[in-house]
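Shown next, in structure tokens, is the structure this report addresses.
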Amino acid sequence: MPELPEVETVRRGLAPAMERASFLAVQAHREDLRWPLPANFARRLVGASVERLSRRAKYLLADLSSGEVLIMHLGMSGSFRVLDGMAEDTPGALHFARSRSLTHDHVVFRMSSGATVTFNDPRRFGFMLLVSRAELEQHPLMRIGPEPLDEDFTPERLARACASKVTNLKAALLDQKVVAGLGNIYVCEALNRARLSPRRKASTLATRAGAPTPHAERLVAAIKAVLEDAIAAGGSSLRDHRRTDGELGSFQHKFRVYDREGGRCPTRGCPGIVRRIAQNGRSTFFCPVCQK
DNA sequence: AGTCGAGCCTGCTGGC
DNA sequence: TGCCAGCAGGCTCGAC
């Protein structure tokens, strides 16, 4: 499930194939993704070049020479694969064919770099949008909180965002307006690293005056650390995530609590057993002993 | 306004 | 062995 580290891994894989390359051809096998593809999708892309491929939260943003921005989202099950000038019947291509069902190849870009970039998404929760560069800043999808790895994601900022919340810490961290890019996995992992209970009130990150508590300090450090570790590992591959070269990420082997119900809590000296509970309709994994 | 649950969608898993 | 309910979850929308 693509969260920030998986999307960043994908961005790094796509950049050599797409940056400073132009679209030679665009095939849309299916228009009905999470939202329909933009009108005249292929016509608006062909001939344009990608000036920069960046990431904001879980969104990939391709700045185009046409003045538009291509917003791409992997949803739950989306992946990109890059074939570097290979014909579809080479061993490399067959490897990909085995790893992903071709019936879910919805969009194919042929780039002037020689690469073929294919978007595959069985569940079709992903999408692609085209907006003008001027519209991007104001776009509803971009009205989200700070990038967790940026310097301006500080304990002060997190405390301020949570100070007036009545919900629990788990739900607050999944709220993309509080901090952008976290999903179920990395929220569980960060809370365990910070030894904070997912059931704690989010407002306890701030003092009555709105200043950050030590909890907020620990949590911000834990969020940054887990995301950096996960990016270094190429993200987590549970069911869907793959790198653009078809390889799996490896961070799932380093999960402390996610999908580890019944296992020992890895916190040093903690005798706790990882529990799974439901919060807001989602599974939460945590240690009831050290996470207070 | 903030919060929460339903729904979107498909593939995999586990229980009978 | 086969079937089917349940689950996975990022995001939006509607209800309260």
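Predicted model only: the values in this text are computed from it and were never measured. The figures here come from the full heavy-atom set of this structure, side chains too, leaving out hydrogens, waters and symmetry mates. Each chain gets a letter, A, B and so on, in the order its sequence line appears, and its residues count up from 1.
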| message | Please determine whether a side-chain nitrogen of the Lys or Arg among Glu147(A) and Arg56(A) lies less than 4.0 Å from a carboxylate oxygen of the Asp or Glu. | response |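 Looking at Glu147(A) and Arg56(A), the cut-off is met.
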Would you tell me if any nitrogen or oxygen in the side chain of [X] comes within less than 4.0 Å of OP1 or OP2 on [N]?
{"X": "Lys58(A)", "N": "dC11(C)", "answer": "yes"}
{"X": "Tyr59(A)", "N": "dG10(C)", "answer": "no"}
{"X": "Thr167(A)", "N": "dC4(B)", "answer": "yes"}
{"X": "His73(A)", "N": "dC11(C)", "answer": "yes"}

| Picking from Arg193(A), Lys224(A), Lys254(A), what satisfies side-chain hydrogen bond (donor to acceptor under 3.5 Å, both in side chains) with Asp229(A)? |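 With Asp229(A) as partner, side-chain hydrogen bond (donor to acceptor under 3.5 Å, both in side chains) holds for just one option, Arg193(A).
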Quick one: label [X] by what it contacts on the DNA or RNA (base, sugar-phosphate, nothing), any heavy atom closer than 4.0 Å.
{"X": "Leu74(A)", "result": "nothing"}
{"X": "Arg124(A)", "result": "sugar-phosphate"}
{"X": "Phe127(A)", "result": "nothing"}

Over how many whole Å does the gap from [X] atom [atom1] to [N] atom [atom2] extend?
{"X": "Arg30(A)", "N": "dC9(B)", "atom1": "CZ", "atom2": "P", "value": "9 Å"}
{"X": "Leu174(A)", "N": "dC11(C)", "atom1": "CG", "atom2": "P", "value": "10 Å"}
{"X": "Phe255(A)", "N": "dA8(C)", "atom1": "CZ", "atom2": "P", "value": "14 Å"}
{"X": "Arg143(A)", "N": "dG10(C)", "atom1": "CZ", "atom2": "C1'", "value": "19 Å"}

| Check: Arg282(A) side chain, dG5(B) base, donor-acceptor under 3.5 Å | no
| Aromatic rings Phe127(A) and His73(A): how do their planes relate, parallel, tilted or perpendicular, breaks at 30° and 60°? |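 Parallel.
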| field | Side-chain touch Ile231(A)/Arg12(A), heavy atoms, less than 4.5 angstrom | value | yes
